[in-house]
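In what follows, a structure is listed as structure tokens, so that the remarks can point back to it.
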2 protein chains.
Amino acid sequence: MTEITTKDRLLDTAERLFAERGVKETSVRDITKAARTHLASVNYHFRSKNGLIRAVIARRIKPLNKRRFELLDSYIAEAGNKPVTVERILHALIAPSIELYLENPHFLSFAGRMISTPDKQLHRIFASQMDEVFSRIKDQLMLAIPDIPEKELMWRIHFTTGAIIHTWTNHADLEIRSGGICKIKDKEEVINELIAFCGAGLRA
Amino acid sequence: MTEITTKDRLLDTAERLFAERGVKETSVRDITKAARTHLASVNYHFRSKNGLIRAVIARRIKPLNKRRFELLDSYIAEAGNKPVTVERILHALIAPSIELYLENPHFLSFAGRMISTPDKQLHRIFASQMDEVFSRIKDQLMLAIPDIPEKELMWRIHFTTGAIIHTWTNHADLEIRSGGICKIKDKEEVINELIAFCGAGLRA
DNA sequence: ATATGTTTCATACGTACGTATGTATCATTT
DNA sequence: AAATGATACATACGTACGTATGAAACATAT
């Protein structure tokens, strides 16, 4: 509950409020009040509100992609000379995000929205990180399903991304609409459903 | 270029600026200035900024869903006693939105973002409209692919939605990343790719 | 114990915002 | 032509915002 430093408390609180209310809708005063510190602390620790936003993002995004690459590399090593299966490639892409979501839902609902933010600077932060991931995923998919033309593959990776991100941002609606039977808490189920859907879509 | 009434000019301008910059990031002053009218006109014609936001949404969302239902109904009639194919069901869901996007890209990139807005009131406007659509789409899909358990179907409709919305909001990234080969302007291609991907995913 | 660097805090500044008000202009009807 | 209602407009109010400043409290090291 109580974090060690003010700086961490600010990061945690900002992350939560950004997710719950939006970035523009959350004032520095809201954040510092909720973090039980003083107004000037954001400017002291992060230079500006924008600095805080960037710090919130930086804290989570690198570890997430690191985990994806670790998984992907392990599957590549495991497969030896043979291509990694589509399902394993998707698992490396999807599972780390769902795991992160269940550890800390705030960041990914925030991030999911920021991926389509009109703020070009913020958008670029996420887009550049995703480019790395897509590049590696695409390489592996081209080995796994070599018959799919590149153009088609790019569309399908795009749709896959959409399905994943929509799950970060809008699973609550699904839970309500499904009368509570589709829950993001069912981690394995979410991952398996995403992999089944996107896997079939990719091979289509 | 020049619209007939101030009211329409405000709607068009607001729609564009909301899409380009975001709702919170667009001030009433920005809108009225770009629409070449005076500050007070928003309050006069729409009561408040919030009223303007709602009017922008109302103008587009009903006709969009009307078109979807028209298509779906025509496919149902055409199929007679037999179930409508998955591909036709998806066509009724997808094609009207891509067509609207190409007529007026502003609304759907705005709407795509608003579907995951933390603003509960705004979110509800979109979510309630989508509930209607999902309900009818789901009924038809249950006839088309009766072997898929309901829970699984709901997940897959959710993923389908994600793929579509992500295309409204983030196709520009795909176009860049693909070196220009995947373009939303290729209407038939986008629709066909979406249908192929989601169709395969739904049947998986 | 004193000095030094770090963190906390109260407060102030300038700006931008949504909205309300009062008046002026225009169009329509009689 | 006069009256009436709709629209346009300039302007003011109060509030909320991000940031800056300078002093206070605290911790650490010598």
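Chain identifiers are assigned alphabetically (A, B, ...) following the order of the sequence lines, protein sequences preceding nucleic acid strands; residue numbering begins at 1 within each chain.
Between B:Phe46 atom CZ and D:dT7 atom C1' the separation is 13 Å, expressed in whole Å. Taking atom NZ on B:Lys33 and atom C1' on D:dC9, their separation rounds to 16 Å, with Å as the unit. Taking atom CG of residue A:Asp8 and atom C1' of nucleotide C:dT7, one finds them 14 Å apart after rounding to whole Å. Taking atom NE2 of residue B:His45 and atom P of nucleotide D:dA6, one finds them 12 Å apart after rounding to whole Å. Rounded to whole Å, the distance from OH on A:Tyr44 to P on C:dG5 is 13 Å.
A search for salt bridge (charged side-chain N to carboxylate O under 4.0 Å, His left out) contacts involving A:Arg54 returns nothing, not counting sequence neighbours. For B:Ser97, the side chain to side chain donor-acceptor pair (under 3.5 Å) partners two or more places apart in sequence, or in a different chain, are B:Trp168.
Sorted pairs that involve residues 161-173 of chain B and meet salt bridge (charged side-chain N to carboxylate O under 4.0 Å, His left out), not counting sequence neighbours, are lacking altogether. Among pairs with a residue in residues 120-131 of chain A, those fulfilling salt bridge (charged side-chain N to carboxylate O under 4.0 Å, His left out) read A:Asp131-B:Arg177, at least two apart in sequence or across chains. Within the structure, salt bridge (charged side-chain N to carboxylate O under 4.0 Å, His left out) pairs that include any residue of residues 95-108 of chain A comprise A:Glu99-A:Lys187 (at least two apart or interchain).
Enclosure of atom CD in A:Glu78 by more than 12 non-hydrogen atoms of other residues, nucleotides or ligands within 6.0 angstrom is indicated.
When the side-chain nitrogen and oxygen atoms of B:Thr37 are compared with OP1 and OP2 of D:dA8, none of them lie within a distance under 4.0 Å. Within the 4.0 Å cut-off from OP1 or OP2 of C:dT7, not a single side-chain nitrogen or oxygen of A:His38 is found.
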Pairwise N/O distances under 3.5 Å, protein to nucleotides 14-19 of chain C:
{"unit_1": "C:dG18", "atom_1": "OP1", "unit_2": "B:Lys49", "atom_2": "NZ", "d": "2.9"}
{"unit_1": "C:dG18", "atom_1": "OP2", "unit_2": "B:Val28", "atom_2": "N", "d": "2.8"}
{"unit_1": "C:dG18", "atom_1": "N7", "unit_2": "B:Arg29", "atom_2": "NH1", "d": "2.8"}
{"unit_1": "C:dG18", "atom_1": "O6", "unit_2": "B:Arg29", "atom_2": "NH2", "d": "3.0"}
{"unit_1": "C:dT19", "atom_1": "OP2", "unit_2": "B:Lys49", "atom_2": "N", "d": "2.8"}

